[in-house]
Amino acid sequence: MTNPATTHIAEHSTFAAGDADKSTTSTPAASDQGSTTIADVVVQKIAGLATREVPGVFALGGGATRAFGAIKGRIPGASASAGQGVSVEVGQKQAAVDLQILVEYGAAIPELARAVRNNVIDAVEQMTGLEVVEVNINVNDVHIPGDDSDRDGQGSTDRVE
C-alpha cells in the first residue's frame, strides 16, 4: 500500500487517434480512500466528442486521418474513433489538447475556435478534474456543401468508355 502523502509522478504522453493501445500513461489522483486513474485516451475521447458538439465543425482530423476513418466506418462493426484528429498531453493535474478540424463553409473561424476551445475545456475539466492549460486548434480545411464527391460511379462523367 502506498503512502497517500507520497507524490505520484505521471509521465507525459502524446498520441493521436488510433494510438490508444500504445498509451499506458494515466493520471493518478490520490485520496485517503484510494486513487483514481484517468487514461490519456479518456481525455482524447472527451475532447473529440466535445469538439463535434459545436455547430460549424464538420469533421476532425487531417485529410489522411479522415480518409482512414471513412474507410474504417464502412467496415461492419467498426466505427471511426471518437478521438480522431485529437492529440493530448496529460500530466498529473493538467492536460493540453491539440485539435485538427474541418469547418463548414460560412462559419466564422475565430468564433468557432473560441466555442470549440470553451466546450473542450468545460467538458475535460468537468469530467476529469484536470486543468486544461491549452487547446490548440488547427483548421486544415473548409467543407463546402455539395462538394461531397460521390466517386462510386454515381453522377460522374467519364471522359472515356
Side-chain angles (χ1 to χ4, degrees), residues 10-29 36-152 154-156:
E11 296 177 19
H12 293 282
S13 172
T14 302
F15 64 98
D19 292 344
D21 296 334
K22 297 178 187 175
S23 173
T24 57
T25 304
S26 56
T27 304
T36 302
T37 304
I38 301 169
D40 291 358
V41 70
V42 173
V43 176
Q44 181 190 28
K45 287 182 179 181
I46 292 168
L49 293 169
T51 300
R52 285 180 176 86
E53 289 176 349
V54 178
V57 174
F58 182 76
L60 273 84
T65 305
R66 288 193 316 270
F68 178 72
I71 292 169
K72 188 175 179 183
R74 291 182 181 178
I75 299 170
S79 63
S81 170
Q84 174 180 306
V86 182
S87 297
V88 299
E89 188 173 337
V90 180
Q92 201 171 8
K93 297 178 182 177
Q94 298 176 325
V97 179
D98 295 324
L99 303 168
Q100 291 189 28
I101 65 173
L102 171 72
V103 301
E104 292 280 357
Y105 176 77
I109 294 174
E111 286 142 20
L112 177 66
R114 199 170 11 263
V116 167
R117 191 170 283 112
N118 289 338
N119 206 40
V120 168
I121 290 170
D122 289 347
V124 171
E125 288 184 349
Q126 179 183 8
M127 293 183 71
T128 67
L130 295 168
E131 176 191 7
V132 179
V133 293
E134 65 182 21
V135 177
N136 298 310
I137 300 170
N138 178 22
V139 178
N140 57 26
D141 205 353
V142 175
H143 175 258
I144 301 169
D147 198 23
D148 295 330
S149 49
D150 289 331
R151 302 286 185 218
D152 300 334
Q154 299 172 342
S156 67

Peer 1: Just to verify, which of I46, V90, I38, V42 counts as forming a side chain to side chain contact (heavy atoms under 4.5 Å, CB included) with V124?
Peer 2: I46

Peer 1: Side chains of L99 and V135: does their closest heavy-atom pair fall under 4.5 Å?
Peer 2: yes

Peer 1: Side chains of L60 and R52: closer than 4.5 Å at any heavy-atom pair?
Peer 2: yes

Peer 1: Quick test of your reading: applying side-chain hydrogen bond (donor to acceptor under 3.5 Å, both in side chains), list the pairs with at least one residue in residues 114-125, sequence neighbours left out, ordered by first then second residue.
Peer 2: E53-N119

Peer 1: For the residue pair E89 and E134, establish whether any side-chain heavy-atom pair is separated by less than 4.5 Å.
Peer 2: no

Peer 1: Does the side chain of Q100 come under 3.5 Å of the side chain of N138 through a donor N or O and an acceptor N or O?
Peer 2: no

Peer 1: Do you know the tightest heavy-atom contact between A107 and L112?
Peer 2: CB-CD2, 4.4 Å

Peer 1: Would you indicate whether the side-chain heavy atoms of T51 and V120 approach each other to under 4.5 Å?
Peer 2: yes

Peer 1: Keeping to residues at least two apart or across chains, list the side-chain hydrogen bond (donor to acceptor under 3.5 Å, both in side chains) pairs with something in residues 102-112.
Peer 2: E104-H143

Peer 1: Heavy atoms only: give me the nearest A95-V43 pair and the separation to one decimal.
Peer 2: CB-CG1, 4.4 Å

Peer 1: How close do V133 and A96 get, counting heavy atoms only, and between which atoms?
Peer 2: CG2-CB, 4.2 Å

Peer 1: Can you measure from CZ (F58) to CG (D141) and round to the nearest 0.5 angstrom?
Peer 2: 10.0 Å

Peer 1: With heavy-atom distances below 4.5 Å as the criterion, would you say the side chains of V88 and D98 are in contact?
Peer 2: no

Peer 1: Distance from K45 atom NZ to D40 atom CG, nearest 0.5 Å?
Peer 2: 12.5 Å

